[in-house]
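To start, the structure under review is shown below, and the notes come after it.
Not measured: the values here are computed from a predicted model.
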Amino acid sequence: MSHELPKAYDPSVIEERWARYWVEERLFDVATPAEDTQDTTKKFTILLPPPNVTGRLHMGHMLNQTEMDILTRWRRMLGETALWVPGTDHAGIATQMMVERQLASEGSSRQQLGREAFIERVWDWRAHYGGAILDQMKRLGASVDWSREYFTMDERLSLAVREAFVRLWEQGLIYRGAYIVNWDPVLKTAVSDLEVTHEERQGKLYHIRYPLADGTGSITIATTRPETLLGDTAVAVNPNDERYRALIGKKVRVPMTGVNGGADREVPIVADDWANPEFGTGAVKVTPAHDPNDFAIGQRHKLPSLTILDETAHVLLPGSPYHGLDRYAAREKLLADLEAAGMLVAVKDHALAIALSQRSGAVIEPRLSDQWFIAVNKQPASGGNSIAQNAIDAVDAANGAKPAIQFTPEMYKKIYLEWMTNIHDWCISRQLWWGHRIPAWHCGECKEITVARETPTKCGKCGSANITQETDVLDTWFSSGLLPFTVFGWPQNMADIRAFYPTQLLVTGFDILFFWVARMIMLGCHFMLDVPLPDGSKRELKDAVPFREVYIHALVRDAERQKMSKTKGNVIDPIEIVEKYGTDAVRFTLASMASPGTDIAFSEGRTEGYRAFANKIWNAARFLFMQMDAAQKAGYTVSVGAPPSPSASSSAQVGALPETTPLETRWMFSRLSAVSAEVERALAAYRFDEAASAVYQFFWGEFCDWYLELVKLRLDFGENHTKNDITAITLASLVAVFESALRLLSPFMPFLTEEIWHALYNNAAPAKSIALTRYPLAADFPADAAADAAMKTLQDLIVTVRALRKELGVPEKEAAPIQLHASNRVLALADANCDMLSRLARVQSVEFANESLTGTNARSTSEFDVTIVYERQIDVAAERERLTKELAKFEKGLAAAQKQLGNEAFMAKAPAHIVDGLRKQAAETQMLYDKAKTALEALPK
RNA sequence: GGGCGGUUAGCUCAGUUGGUUAGAGCGCCUGCCUUACAAGCAGGAUGUCGGGGGUUCGAGUCCCUCACUGCCCACCA
C-alpha cells in the first residue's frame, strides 16, 4: 500500500513540519545574480513592511503576509525570481517604552541606568523577545528569504542611515532650529504631525479681561488654554476690526504674571490678520512659545517667546505662584484667581479638537524647542527637484503619462497626492535614547554644528576639541523610509541594488500610507536618482522609485465590524485561530474576503467553511490514492508525471487528448484551462477574493461534485474488470488534473498542498517543494467548447431529474425510468451518456418521446422536457403552488421582454446581439410558460 | 471646516466599461450514514439592490438630492 495519508485531516500535524522544512531547506533564498551573466529572468522583489520588534502578530499582519505570500509564491511558480525580504523595525518610541516599563517594574528607570547602559538593556530585550513576531511569521509559512533578514538598527543599516543624513545635510536639506513642535509631555519628546490624533472634546472658552497699562480701560480676550497666558507676549486684534482699532499699539497688563510679587507683564496690542473678529471677542492672546499660530504672529511682529511650561508640562516660571504646578492644576488656580480678581468675564462651552499623542495618549503641548527638520520643499544645493516634488512626479506623471508608481485601489493616489502637495517640513528628531543617534556635534566654543560620517575630534569650524554629540535620535520612519535601497546594500555594496531595485510591489495598510509609503517614495526617489543604472546610464525617476506598484489593503475588523483593539478586548489572535482551524483555512478566509477597498469583518464561520474546504481536498486525495492503488492491483501502471518546472517554456503540459477520451475528462481539462486563466487574471489585478473563489468553485463544485463522481464510472476495478483504454486514460487524466489542481491551490493553501503533493509522489517528488514547480497556465490544458456545452446540458438534465425525483418522492436508492423530449443533439447526448444519468440521477432507462411532455411528473427547460415514470402521486397543492409561482415569474419576464421588444426606440438603438438575445429568451420563456400553464391546468382540482 | 468610502438575501460580501429575468459562502428548511469526505451528499426557500428625483431604448451600475454609517485630513484662539 502506497500513498500514506491519514484518514483525518489534521492541520496541526502537517503545518509545523512543513513550516520548518521550508526554512531549513532555504527554499526561498535568492542569491545575488552574477553580474557578468545576462540574466533576463523577470524579478519580483517585495519588501515585508517590517513589524515593530516589540510587536505580536495580529490579523492585519496575517492579512498582509497572506497577500504577499500568495503573490510571491505565484510569481515564483511563474518562473520569476521572487525575492521577499523580511526584517524588523527598531521602533524607537514603542521599544523604549516597553523597556522603560520593564525597568519601572524593577523599581529602576532609564535615567538611573544612564544612556549607555539603557541601550545595552534594550539590545538584551531585543535578543530575548525581538524574534517573536518573525517566528510567528515562519509558522504562517511566509515564503521569504530568511538569509536576508535585517533589523533597522543593524550596523550595516545604521551606517546607511548616517550616510543618508549626512548627504541631506550637505545638500542643505536638513536644518536645525527652534520651532513649535508637537510635544508629548509624558514621553518627553517631540513627535511628528502624523503621530498626533485629534479628538473632539467638550471644552470651555474663557473670556479674560486684560487691563490697559495706561489705566484707560481693558480688552477682553478669549482662550481655551488660559494657563498659557503666563507666556503671553502680546494681544492681537484684526486691523479691520473697528472695535479695537484705537487700541492698536497700546499696552496691556497680562494678569497674574507678576513674579516675586512684582507687577504684571506689559505686552503690546498688535494688529494681525490672524485675529478673527467673528470668533470669541475678536481679540486673541499671543503665546509664541506654546502655540504654532502665535509663534507665527510672534515672528511677524518680532515678539519675544516665553517658554513657561517645562518638558513635563509643569509651569516653569520661578517666583510665580504657579511655578511647578501641572498645566491643569495651574489652569484651575489661575481661573480661581482671575475670578477673584474680577478678570474672568465669561466661560462658554466650546467644542474643540484636542491633540493627543498616538503613542502615550497624552495631550500634546505645542512647545518651542530645538529640533531637526528635513526641508522637503527645498531644492538641493546641487540642483534638481525638491524631495516633495519628486515624490509627486513619481505618482502623478506629467501629460497623463503612465506614472512610475501605481496605486491599487486608485483612490489612494489622490489621498497621497493631496498630502504630498500640502506637506510641511518633516521633524526628524526625537528626544529618545533608543534609535539612530543624529551624527552631529555641537561645539562648546563657537556653537557651530559639525555633521560627519566619522566621529570628529574637533569642531569643523573653530577646531575646538570641546565638542559633544547631539543627544537626539532620528524618527524611526527616517530609517524605515530608506529600506528599499538600504536592505540591498546601499551605499557600500551595490550588486543587489543593480539586481533588485526598484522593488516591484509594496503591500500594506493605509494606516502607514503617510508614515512609511510616502517617506519611502520621498527618500527613494531622492537618493536613487544619484545612482546610475546597471548599464551606467543616468537613472530617471521611473527607475528611482522604491517600488512600481502599491497595493493598499483593507483593515481587518471583528465580526461586528468593530476595529480590533486591546481596550475593547475584541482582538482576534491569529495564532489562536490558526491553531484551531489551520493556517491554510485562515489564509483562505483572508484571501477570499480581501476585496480591495472594503474592510474585512473577520468571522470564524467563514474560516470553518474553509477548513471544510481543506478537508474536502484532503479526502479527494484519499479517494484518488485509493483509485491509484486499486488500479495498480488491477495491473495498470500508475505513474504521476512531473509538472513543468517554473522556468520551462510555455509549451502545453497536456496536449491533444486521445480519440477515446470520455466527455467528462475533456470537459475537466477544459475547465482547468479556464480556471487557470481566471486565477491569473484575478491575481494580476490583486483580486484575491475572485482568485480564491475561482479555485474553490473549481475544486469543490466541478472537480469533486462532478468529475470525481463521473470517473467512478470508468474506474470500477471490481472482479469483472478487464483492462481497457478508457480506464487507463481516465486514470492518467484524473491524476494529472488533481496534481495540477494542487499547484493551482498551493499559493493559497501551501501546507495542505505540499503535504498531499509529496504523498502523491510517494515522497519521491520531482521537486523539493510544490512551490518550486510551475503554476498551471490556461495554455497547459486543451480547451474544448463542445465538451463544455455537452456537459452543461447533461448537468442540467441530471439536476432536473434529481429535483423531480425529490418532488415525486422517489426513494433515494430506487432507480426510475425517464422520458425525454428534446432536439436530436440532446437525445444523442443522453443516449451516449446514459451511464452518467444512471450514476448521478439514478435513471433506470431513457425513453425518447416525440411529443412535448407536460403534466405532473414533467419538468421543462429550454433544451428538453423530461418526465419520470413513477406511479406515486405528487402533492397537488405543493405542485400547484410551485407552478403558480413559476408562471408568475415567467409572466413577469415575458411582460418585460415584450415591452422592450415593442419599444421602437429600443429596437432602433439597442445593439443587434442584445435584441437577438432578448428575442431568443422571450421565445424560451413563452415556451416554458405554455408548458407550465398546461401542467397547472392538468392538475386535479 | 474640507475630502473620501459604504448602504445589494437572516449574516458576511461579489456584481468589471450601463445590456437579456441580480450572485456566492455561511445560516435556514427537507431528505439521505450512496464504501473520498456527516467538516459530507442531494434538493429547496429567500431580495420593492438605503429613500426620492433625473439621464437613457435600457440603471444595482451614470448624474442630482436626502438619510444613515465608517474613515482620512485640518495651526482658528
Side-chain angles (χ1 to χ4, degrees), chain A residues 7-9 180 193 198 205 221-225 228 236 274-276 278-281 283-287 291-296 350 352-353 355 366 409 411-412 414-415 418-419 422 424 510-511 513-514 555 559 561 563 592-593 595 597-603 605-606 608-627 685 687 689-690 693 696-697 704-705 708-709 799 802-807 809 811-813 840-842 882 889-890 892-894 896-897 900 903-911 913-922 925:
Chain A
K7 192 163 164 77
Y9 164 60
I180 294 274
D193 290 347
H198 293 268
L205 187 64
I221 57 88
T223 180
T224 55
R225 292 190 299 154
T228 60
W274 165 249
N276 177 0
E278 307 293 316
F279 188 90
T281 61
V284 58
K285 59 196 268 325
V286 181
T287 321
D291 184 280
N293 297 307
D294 294 5
F295 182 75
H350 181 67
L352 49 108
M411 159 185 73
Y412 289 105
K414 244 171 89 180
I415 297 177
E418 179 70 19
W419 186 80
N422 298 308
H424 298 305
F510 67 82
D511 51 330
L513 179 61
F514 305 136
L555 209 66
R561 311 211 112 270
K563 217 170 184 168
S592 71
M593 299 187 83
S595 63
T598 321
D599 284 347
I600 293 176
F602 189 88
S603 75
R606 274 298 271 269
E608 253 173 76
Y610 293 122
R611 181 184 54 181
F613 180 50
N615 187 54
K616 189 78 182 175
I617 299 167
W618 186 265
N619 280 296
R622 291 182 52 231
F623 170 75
L624 182 82
F625 294 168
M626 279 173 60
Q627 298 305 317
R687 290 306 303 258
D689 57 332
E690 290 179 350
S693 107
Y696 181 94
Q697 171 55 29
C704 290
D705 287 351
L708 286 189
E709 291 308 316
V799 167
R802 281 171 178 167
L804 199 50
R805 285 173 54 96
K806 177 105 171 169
E807 203 167 281
E812 294 277 335
K813 286 182 178 163
L840 295 192
R842 301 217 182 248
R882 185 184 69 82
K889 198 178 100 190
F890 292 146
K892 202 176 135 197
L894 271 180
Q900 284 270 69
N903 185 330
E904 278 176 31
F906 170 75
M907 298 303 282
K909 291 187 181 177
H913 74 277
I914 297 292
V915 177
D916 288 350
L918 188 61
R919 274 217 187 92
K920 198 173 147 213
Q921 173 154 16
T925 309

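For A:M411, taking side-chain heavy atoms from C-beta onward, the closest of the listed nucleotides B:U12, B:C71, B:G5 is B:G5. In the set B:A14, B:A77, B:A74, B:A14 carries the atom at the smallest distance from any side-chain atom of A:R687. In the set B:U34, B:G40, B:C75, B:U34 carries the atom at the smallest distance from any side-chain atom of A:K813. Here the nucleotide nearest the side chain of A:M593, chosen from B:A36, B:U12, B:C75, is B:U12. Checking B:A77, B:C41, B:C72 against the side-chain heavy atoms of A:F510 singles out B:C72 as nearest.
Note on A:A922: nothing from the nucleic acid sits closer than 4.0 angstrom, heavy atoms only. Nucleic acid contact for A:V915: none, since no nucleic acid atom lies under 4.0 Å from a heavy atom of the residue. Note on A:A803: only backbone sugar-phosphate atoms sit closer than 4.0 angstrom, heavy atoms only; bases stay farther off. Residue A:D705 is classed as a sugar-phosphate contact, given heavy-atom separations below 4.0 Å to backbone atoms only. As judged by a 4.0 angstrom heavy-atom cut-off over every strand, A:R802 is placed among residues touching the sugar-phosphate backbone only. Within 4.0 Å of A:K285, counting heavy atoms only, lies no atom of the nucleic acid at all. Among the atoms of the strands shown, only primed sugar atoms or phosphate atoms (P, OP1, OP2) are found under 4.0 Å from some heavy atom of A:T224. Among the protein residues, A:E709 comes within range of the nucleic acid bases, having at least one heavy atom under 4.0 Å from a base atom. Residue contacts shown for A:Y696 are limited to sugar-phosphate atoms, with no base heavy atom under 4.0 Å away. At a threshold of 4.0 angstrom between heavy atoms, the contacts of A:R611 include nucleobase atoms, whether or not backbone atoms are also involved. A:F514 comes within 4.0 angstrom of the backbone, heavy atoms only, and of no base. Looking at heavy-atom distances under 4.0 Å, A:L708 makes contact with a base. Within 4.0 Å of A:W419, counting heavy atoms only, lies no atom of the nucleic acid at all.
Figure legend. B:G18 is base-paired to no nucleotide; pairs are counted as Watson-Crick or G-U wobble with both atom distances under 3.5 Å.
Taking the P atom of each, B:G6 and B:C62 are spaced 9 Å apart, rounded to whole Å. Between B:U61 and B:U20, the distance separating the two P atoms is 14 Å to the nearest Å. Here the separation of B:G27 from B:C63, taken at their C1' atoms, is 38 Å to the nearest Å. Separation of the C1' atoms belonging to B:A38 and B:G51 is 46 Å when rounded to the nearest angstrom. Between the P atoms of B:A9 and B:C49, the separation comes to 10 Å (whole Å). A gap of 33 Å separates the C1' atoms of B:C37 and B:A22, to the nearest Å. Rounded to whole Å, the C1' atom of B:G25 lies 28 Å from the corresponding atom of B:G19. If you take atom P in B:G60 and the same atom in B:U7, they sit 15 Å apart, rounded to whole Å.
When rounded to the nearest whole Å, the span between CG of A:L840 and P of B:A42 equals 9 Å. Between A:Q627 atom CD and B:C37 atom P there is a gap of 12 Å when expressed in whole angstrom units. In this structure, A:E812 atom CD and B:A42 atom C1' are separated by 6 Å, rounded to whole Å. A straight line from CZ of A:R842 to C1' of B:G31 spans 13 Å, rounded to a whole angstrom. Regarding A:E690, its CD atom lies at a distance of 15 Å from the C1' atom of B:G25, rounded to whole Å. Between A:L513 atom CG and B:C4 atom C1' there is a gap of 13 Å when expressed in whole angstrom units. Atom P of nucleotide B:C4 and atom OH of A:Y412 are separated by 14 Å, given to the nearest angstrom.
With a 4.5 Å cut-off on side-chain heavy atoms, A:Y610 and A:N615 do not count as touching. Side-chain contact check for A:Y9 versus A:N619: every heavy-atom pair is 4.5 Å or farther apart.
With hydrogens and angles ignored, the 3.5 Å screen pairs no side-chain donor or acceptor of A:R842 with any backbone N or O of A:R802.
Between A:Y696 and A:F613, the ring planes lie tilted relative to each other; the angle falls in the 30° to 60° range.
Atom CZ in A:R687 sits 9.5 Å away from atom OG in A:S693 (nearest 0.5 Å). Here the straight-line distance linking atom CD of A:E807 with atom CG of A:L804 works out to 6.5 Å at 0.5 Å rounding.
The shortest non-hydrogen separation linking A:P366 to A:R225 is CD-NH1, 3.5 Å.
Both A:S592 and A:A275 lie near RNA chain B, and the one whose nearest nucleotide falls closer to the 5' end is A:S592. Toward the 5' end of RNA chain B, the nearer of the two residues A:W274 and A:Y9, judged by each one's closest nucleotide, is A:Y9.
Paired with A:K285 under the rule side chain to side chain donor-acceptor pair (under 3.5 Å), one option of A:T228, A:D291, A:D294 passes, and it is A:T228.
Look at A:R606 and you won't find any side-chain N or O under 4.0 angstrom from OP1 or OP2 of B:A39. Contact check, A:K616 against B:C41: a side-chain N or O comes under 4.0 Å of OP1 or OP2.
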